[in-house]
Each structure stands twice: as structure tokens, then as C-alpha cells.
Participant: 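First, the structure itself, so that you have it in front of you.
Letters A, B, ... mirror the listed sequences (proteins, then strands); counts begin at 1. Keep in mind it's a predicted model, so treat the numbers as computed, not measured.
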There are 2 protein chains.
Amino acid sequence: MAERLDSRAADLLKLLVERYVQDGQPVGSRTLARAGHMNLSPATIRNVMADLDEAGFVRSPHTSAGRVPTQLGYRYFIDSLLTPEPLSERDVQRIARELLRHGGPTCDLAEITSALLSQLSGMAAVVTVPKRNRATLRRIEFLPLSERRVLAILVVNHAEVQNRVISTAREYSAAELERYANAINEHFAGLDLPTLRNRLRADALAAQSHVHQHLREAAKVAAWALGDDSEEDYVLAGGSNLLAYQELTDVKRLRELFEALDRKREMLALFEQCLQASGVQIFIGEESGYQVLDECSVVTAPYFIDGQVAGVLGVIGPTRMAYHRIIPLVAETALALATGLKAGS
Amino acid sequence: MAERLDSRAADLLKLLVERYVQDGQPVGSRTLARAGHMNLSPATIRNVMADLDEAGFVRSPHTSAGRVPTQLGYRYFIDSLLTPEPLSERDVQRIARELLRHGGPTCDLAEITSALLSQLSGMAAVVTVPKRNRATLRRIEFLPLSERRVLAILVVNHAEVQNRVISTAREYSAAELERYANAINEHFAGLDLPTLRNRLRADALAAQSHVHQHLREAAKVAAWALGDDSEEDYVLAGGSNLLAYQELTDVKRLRELFEALDRKREMLALFEQCLQASGVQIFIGEESGYQVLDECSVVTAPYFIDGQVAGVLGVIGPTRMAYHRIIPLVAETALALATGLKAGS
DNA sequence: GCATGCACTCGCCGCCGCCGCGCGCTTGAC
DNA sequence: GTCAAGCGCGCGGCGGCGGCGAGTGCATGC
């Protein structure tokens with residue numbers, strides 16, 4: 001199937017995909033003959049199309065309709081034929097501006113990014129928020145609530161605040177909690193959460209002497225606060241954009257898609273695959289392995305903090321999307337987000 | 001128009017609405033004759049229907065189709081005829097359980113509530129998150145970021161954490177910021193934000209003497225941190241549920257609806273009206289005043305914290321919804337949310 | 001006041017024939 | 001061998017037609 005196309009067939013396939021992406025209607029030989037500057041007659045083009053059809057790159061929806069790219073056709077187009085269209089200066093600047101303006105917590109930034117991405121792409125956009133496991137502690141704070149409940153506030157990474165209510169085994173006073181927080185801040189600030197957890201466990205065992213009593217207690221409280229919740233999450237924006245595409249008109253399927261996006265679990269598995277990729281990755285239709293994404297493509301790119309992969313962003317749209325615009329858009333946004341995160345520190 | 005219906009007409013209207021809500025198809029005189037236990041012939045019922053038609057409570061989509069309730073019909077039904085169906089014990093317990101399990105911050109609780117509400121109703125659900133203006137400060141904390149940027153962490157109400165990055169006029173050291181935070185925590189904890197803002201302003205003017213210098217500085221920083229951002233917000237869940245109703249099949253209109261829900265601004269204006277209401281409030285179709293909600297109804301109820309109205313929750317669905325189930329559901333959830341918020345303290 | 005019977009009006013659905021597009025095939029030129 | 005021209009054909013889309021069933025309005029009778 002990884003068949004190599006001769007240059008004329010490739011040119012025509014490229015033309016066909018571009019045309020189909022633009023109009024959304026099966027492309028006939030006449031149209032290609034006129035659109036291409038290669039001075040071929042429709043008849044000749046029909047011959048080429050027959051070859052492409054046989055090879056699985058295009059198909060006609062029915063006898064005597066034009067041709068439409070198949071999944072394989074899109075794949076070949078993207079891998080070998082696509083000429084990306086650089087983002088307009090306006091868009092580049094807009095991305096930079098929006099992402100730099102807010103130095104806020106990562107969660108907000110993810111929302112802003114996905115909103116921006118969905119606007120610029122005209123499709124649905126997704127930004128995963130980084131796993132907590134990859135975060136480094138900057139500061140911790142405890143506040144007593146009612147009896148055996150304590151509010152823990154964590155500042156991680158640069159300016160990201162997380163908080164959670166923990167249930168403790170016994171009651172702690174405000175002063176006591178403050179002491180523990182201070183102890184942790186003093187000893188452990190700058191560590192990333194997993195190693196922090198390990199260190200706390202180790203220290204709690206070692207610190208048997210009486211003077212270190214409070215360190216042991218601190219470790220106990222912190223253990224609750226830092227408890228492993230490595231569940232990743234993502235932010236979706238512009239889902240309503242998908243309603244505008246006539247190829248996604250089947251309300252039933254659309255509903256399934258939205259529900260899958262709401263459930264998040266399965267989708268996260270897909271995005272996690274993209275963490276490995278070094279750059280833009282594209283799933284065309286069923287390539288993603290998810291039924292609900294049948295007629296959709298997903299274009300993703302990982303983004304980085306301090307050279308470390310932090311999360312994934314991407315857009316979801318109909319298979320017939322303007323890849324030549326979308327791919328640079330996603331790539332650029334991933335880049336800008338990384339610098340936005342850095343600037344927010 | 002506030003015409004009083006005689007008891008037979010009322011009974012028939014009630015029957016018709018119930019039937020139509022159930023099946024979604026125009027209800028004919030035969031159906032009503034068989035469904036009602038009043039032993040009337042279809043012809044008699046036709047006469048009554050003609051009256052109801054004339055009075056504007058029902059209409060036929062076309063000659064020789066059954067009748068369908070109008071907006072006015074729904075209104076009369078809800079105001080005077082409806083027999084609410086108490087929630088099942090299971091549902092009541094489920095609501096209580098889900099809302100009490102999480103003692104987390106309000107923002108999370110709003111998400112949980114809306115998810116729950118959308119699940120139980122099978123429609124879209126909305127929960128506004130309380131205005132910051134109504135919050136009382138529990139604790140404040142400052143962390144220096146890069147040069148003239150400071151991360152402010154506010155704990156308000158019971159266990160709710162807010163944070164924002166502020167840009168300051170000059171650079172502050174960590175120690176300095178800590179002093180200010182302490183000063184504020186000491187003097188002003190327990191105040192609600194608006195009065196806190198006023199007090200800070202007054203004190204800053206009064207404290208001219210040198211000893212109070214740091215209080216003045218503290219006020220300055222805090223002013224940035226507490227800056228008025230009274231923009232209310234809400235959480236939407238279960239939007240995809242709306243795709244399941246055949247009366248909301250027009251993709252174009254659906255898109256407009258989703259976009260309006262995304263924009264939030266207009267919708268918030270609607271919800272703010274509901275803050276005044278003492279209990280469940282219902283907007284049928286155009287009653288809301290919003291084009292996009294043409295074929296939808298909105299059922300809302302305010303919820304309270306410590307006896308003070310805090311926000312609004314509600315569901316959005318097709319005009320043809322099972323009001324007798326939805327109204328108690330919304331009422332109950334509002335109640336449960338209030339106690340959930342209290343328990344989370 | 002209510003029931004019976006009848007004519008009438010629509011919307012829904014399947015049927016049919018027309019139209020036009022775009023293909024495959026054949027043939028012929030270079 | 002490569003390509004263009006011409007021809008017949010197959011098929012989806014569209015609009016008009018007619019039968020059907022549901023449910024109404026009206027006249028009439030108890």
C-alpha cells in the first residue's frame with residue numbers, strides 16, 4: 001500500500017485533495033483538467049484517476065460521480081504532497097499576544113489556548129493540562145476547616161495553584177498546621193511531587209527522635225495532601241463549531257462524539273499517545289482507533305515546559321479539513337504556549 | 001389572556017400537555033377521549049379543543065393534525081394544573097451523596113452539581129458560581145514571581161481558593177510580601193471583599209505615621225489583588241444531551257444555542273434575574289427573551305449559603321420537557337447544594 | 001349538552017420520469 | 001506508447017403525482 005506514485009498522479013491527487021477540502025464535493029475529471037496547469041484532457045485524467053482508485057487513494061461515492069479522497073489518500077497527501085501555508089503575521093501575533101497576556105495558572109492558560117485554537121481553526125480544540133506528577137512544589141499551606149478536615153493549598157511549578165480538602169485521622173490546630181507547612185516549605189521546596197512523596201515517606205521513618213516529632217507529623221499530613229491524583233484532564237473549546245460541517249450532520253453520531261469528549265477517559269488515552277511524538281501528529285478518521293472519530297481527523301502537537309514535554313494540544317474536525325492551514329496553526333500554538341508558560345513564571 | 005378555564009377544559013388541557021410531553025406528537029381528540037376517564041366522545045372533545053385553540057392554549061400544526069400546547073398553554077399548565085412528581089428516594093439520596101462527598105472548592109462543586117443535574121434530567125444543566133463580591137476573606141497570601149509580578153492566593157468563604165497574578169508598581173521581596181499578608185490576615189479576616197476594599201482604602205489614607213508604613217504598603221498590594229472582578233460565571237454540563245431531542249434537530253439553530261451558551265454573557269443576564277426569585281422559576285420558549293432559546297425552556301432555582309442567595313442552578317431543555325419531574329429535581333438539587341456547601345466548610 | 005356520521009383537508013410516502021454529471025471504453029492521431 | 005476525442009451509460013437528485021391515514025369541522029339527531 002505504501003505504493004509510490006509517479007509525479008503526474010501525485011500532482012493530480014494533490015490537486016484533488018485540495019479541491020475537495022475546499023468544496024466538499026466529489027471532484028470530476030473536467031474540474032481537475034481545468035484547475036491543473038498541466039494541460040491534460042479530462043479523458044487522460046480519468047485514466048489516472050482509475051489508477052488512483054484501484055490503488056485505494058480515491059473512490060467515487062457512486063458510479064459517475066467525481067472522486068473523493070480515501071483515508072489512504074489523505075494520508076499520502078499529508079505525508080508527501082502537502083505544502084503548508086505559513087500562518088499570517090496577524091495570527092502569529094494574535095497567538096503570542098493572547099498567550100502572554102495572561103500569566104495565570106496553567107488551568108486558565110489551557111482554557112485560553114483552547115479557546116484561541118478553536119477560534120482560529122474554526123473547529124473544536126483541546127488542550128490537556130499537565131499531570132500533577134510532573135509538577136515541582138513551590139510552597140504548601142494548610143488551613144483547618146471543620147474538625148478533621150484540612151484545606152491544603154499547593155503552589156506548584158511557576159504560578160499554579162492547586163487545592164484540595166483532605167480528611168485527617170485526628171484534629172490539628174491552626175498553629176500546628178502552620179508549623180508543618182513551614183517545615184515542608186523549608187526542607188522540600190523545589191522537589192517534584194513524586195520524589196517529594198518518597199522523601200516524606202523515608203524521612204517519616206527515619207525521624208524517630210523526639211525533636212523530629214513534628215517533622216513526622218508534617219509528613220503524615222502532607223502525605224494526605226500530596227496523595228497521588230495523577231488523573232490527567234483536558235479542556236475542550238469550540239465544540240459547537242463542529243455543528244457547522246455538513247459532513248457531521250448525523251445528529252446521532254455527533255451526540256456520540258460529544259459524549260465521548262465529555263467522558264474524557266478514552267480521549268485522554270489517545271492524547272497520551274501524542275506525548276511521545278516529536279511534533280505534529282495526525283489521525284485521519286479511523287486511524288485514531290475510535291469509532292466516534294470515524295469522520296473526523298485529529299491534529300495534535302505536544303508542548304513543552306523547560307524542555308520537558310508537558311501536555312498535548314490539538315484540534316478535532318472533519319476529515320475534510322484544511323490541513324495546510326491547520327498543521328502550522330497547531331505547531332505554532334504549541335510553540336507559543338511553551339513560551340507563554342515560561343513567561344508566566 | 002389570564003382567562004380562567006372551566007374544569008373540563010382544564011382537565012383536557014392537562015391531559016393534552018402530559019400526553020404531548022410524553023410522545024411529542026400532536027394529540028388528537030380520539031386519543032384524549034380514550035386517555036381521559038371522563039367518558040366523553042371525540043366530537044365533544046373537539047369542541048373543547050376548538051375553544052382552547054381560540055383562547056390560544058393549543059394550536060394545530062396544520063389542518064387535521066392533533067393539537068399541540070402553545071407557550072401560553074404550557075404556562076397555564078405549569079401555573080395551575082401541574083401535579084409534581086416527587087423525586088424517587090434513590091435520586092434524592094444520590095444527589096445528597098454526590099454533593100456531600102466532595103467538600104472541595106465551590107468551583108468544583110458547581111461542576112459536580114451541573115454534571116449531576118444534567119444526568120438526572122437528561123438535558124443540559126447550568127450552575128452559576130457565586131460572585132466574588134459576596135465572598136468573605138478568610139486568608140490571603142502573596143508569592144513573588146518574576147520581578148514585578150506577584151501571585152496572590154485568596155481563601156474565601158469556607159474552603160474556596162482563588163488566585164491571580166498581579167502586576168505591581170515596584171518589586172517586592174518575599175519577606176516584605178509575607179509581612180503584608182500577615183497584616184491583612186490579622187486585621188481583616190472575616191470581612192467580605194467589598195467592605196474590605198473600602199476599609200483598605202480608608203486605612204491607607206489614615207495611616208500616615210511611619211509606624212504604619214507597612215500597613216499602607218500592604219493596602220497597596222492588596223488593592224491590586226482584590227481588584228474588582230465581579231464577573232460572574234457558570235458551568236455547563238450535558239450539552240450533548242440536547243442533541244437527542246428531535247425538536248432540536250435544526251443544526252443551525254442548535255449551533256446558535258451552543259454558541260450563546262459558550263459566550264456566557266447573555267445567559268448570565270438571564271440567570272441573574274433568577275437570583276431574585278424565591279424558588280423555581282421557569283422560562284418557556286421566548287419568555288426568556290432570547291431568540292436562541294426559542295424552542296427551549298429553562299427551569300432555574302437560586303441556591304443559598306448561610307441563608308444568603310449565592311447563585312442559580314437550572315436545566316435547559318426542549319419546551320416539551322417533563323416539567324412534573326424536572327421542577328422537583330431542580331428544587332431538590334438547589335436545596336442539597338446549599339447543605340453541601342455548608343458541610344464543606 | 002353531547003354523540004354520530006360524513007366530507008374535507010393536509011402531511012407523508014412511495015412511484016416515476018426527467019435531467020445532467022462524470023465515468024469507462026473505444027477509436028484514432030501523433 | 002501516450003494522449004485526446006467521442007459516445008453510451010449508470011446513477012443520484014428533483015419535482016410532480018396519487019393513494020393513504022389521521023383528525024378536523026360541521027350538520028344533524030337524541
Participant: Round to a whole Å and report the spacing from CG of Asp51(B) to C1' of dC2(C).
Facilitator: 14 Å
Participant: Determine the interplanar angle of the Phe57(A) and Tyr76(A) rings, folded into 0 to 90°, and report it as parallel if under 30°, tilted if 30 to 60°, perpendicular if over 60°.
Facilitator: perpendicular
Participant: I need the residues from residues 25-32 of chain B with at least one non-hydrogen atom less than 4.0 Å from DNA chain D; give them sorted by number, or say none.
Facilitator: Gly28(B), Ser29(B)
Participant: At a heavy-atom distance below 4.0 Å, which nucleotide of DNA chain D is the first touched by chain A, and which is the last?
Facilitator: dC3(D) to dG12(D)
Participant: Thinking salt bridges, do Asp53(B) and Arg59(B) make one under a 4.0 Å N-O criterion?
Facilitator: no
Participant: Does Arg75(A) have more than 12 heavy atoms from other residues, nucleotides or ligands lying within 6.0 Å of its CZ?
Facilitator: yes
Participant: Can you list, by residue number, the residues of residues 58-71 of chain B that have a non-hydrogen atom closer than 4.0 angstrom to DNA chain C?
Facilitator: His62(B), Thr63(B), Ser64(B)
Participant: Between the main-chain N or O of Tyr234(A) and the side-chain N or O of Lys264(A), is there a donor-acceptor pair closer than 3.5 Å?
Facilitator: yes
Participant: Output yes when Arg320(A) and Glu295(A) qualify as a salt bridge under the 4.0 Å nitrogen-oxygen rule, no when they do not.
Facilitator: no
Participant: Does the plane of the ring in Phe258(B) sit parallel, tilted or perpendicular to the ring in Phe258(A)? Use 30° and 60° as the thresholds.
Facilitator: tilted
Participant: Please check if the side chain of Tyr245(A) supplies one atom and the backbone of Asn241(A) the other of a donor-acceptor pair under 3.5 Å.
Facilitator: no
Participant: To the nearest 0.5 Å, what is the distance between CE (Met267(B)) and CD (Glu272(B))?
Facilitator: 13.5 Å
Participant: Going from CG on Leu82(A) to CD on Glu18(A), what distance comes out if it is rounded to the nearest 0.5 angstrom?
Facilitator: 8.0 Å
Participant: How about Phe283(B) and Tyr290(B): are their ring centroids closer than 6.0 Å?
Facilitator: no
Participant: To the nearest angstrom, how far is Leu12(A) atom CG from dC23(C) atom P?
Facilitator: 12 Å
Participant: Rounded to whole Å, how long is the line connecting atom CG of Asn39(A) with atom P of dC30(C)?
Facilitator: 18 Å
Participant: Can you name the nearest heavy-atom pair linking Ala322(A) to Val21(A), along with the distance?
Facilitator: CA-CG1, 3.7 Å
Participant: Specify the residue among Asp53(A) and Asn47(B) whose closest nucleotide of DNA chain C lies further upstream toward the 5′ end.
Facilitator: Asn47(B)
Participant: To the nearest angstrom, how far is Arg46(B) atom CZ from dG1(C) atom C1'?
Facilitator: 16 Å
Participant: Expressed as a whole number of angstroms, how long is the span from Ile45(B):CD1 to dG1(C):P?
Facilitator: 17 Å
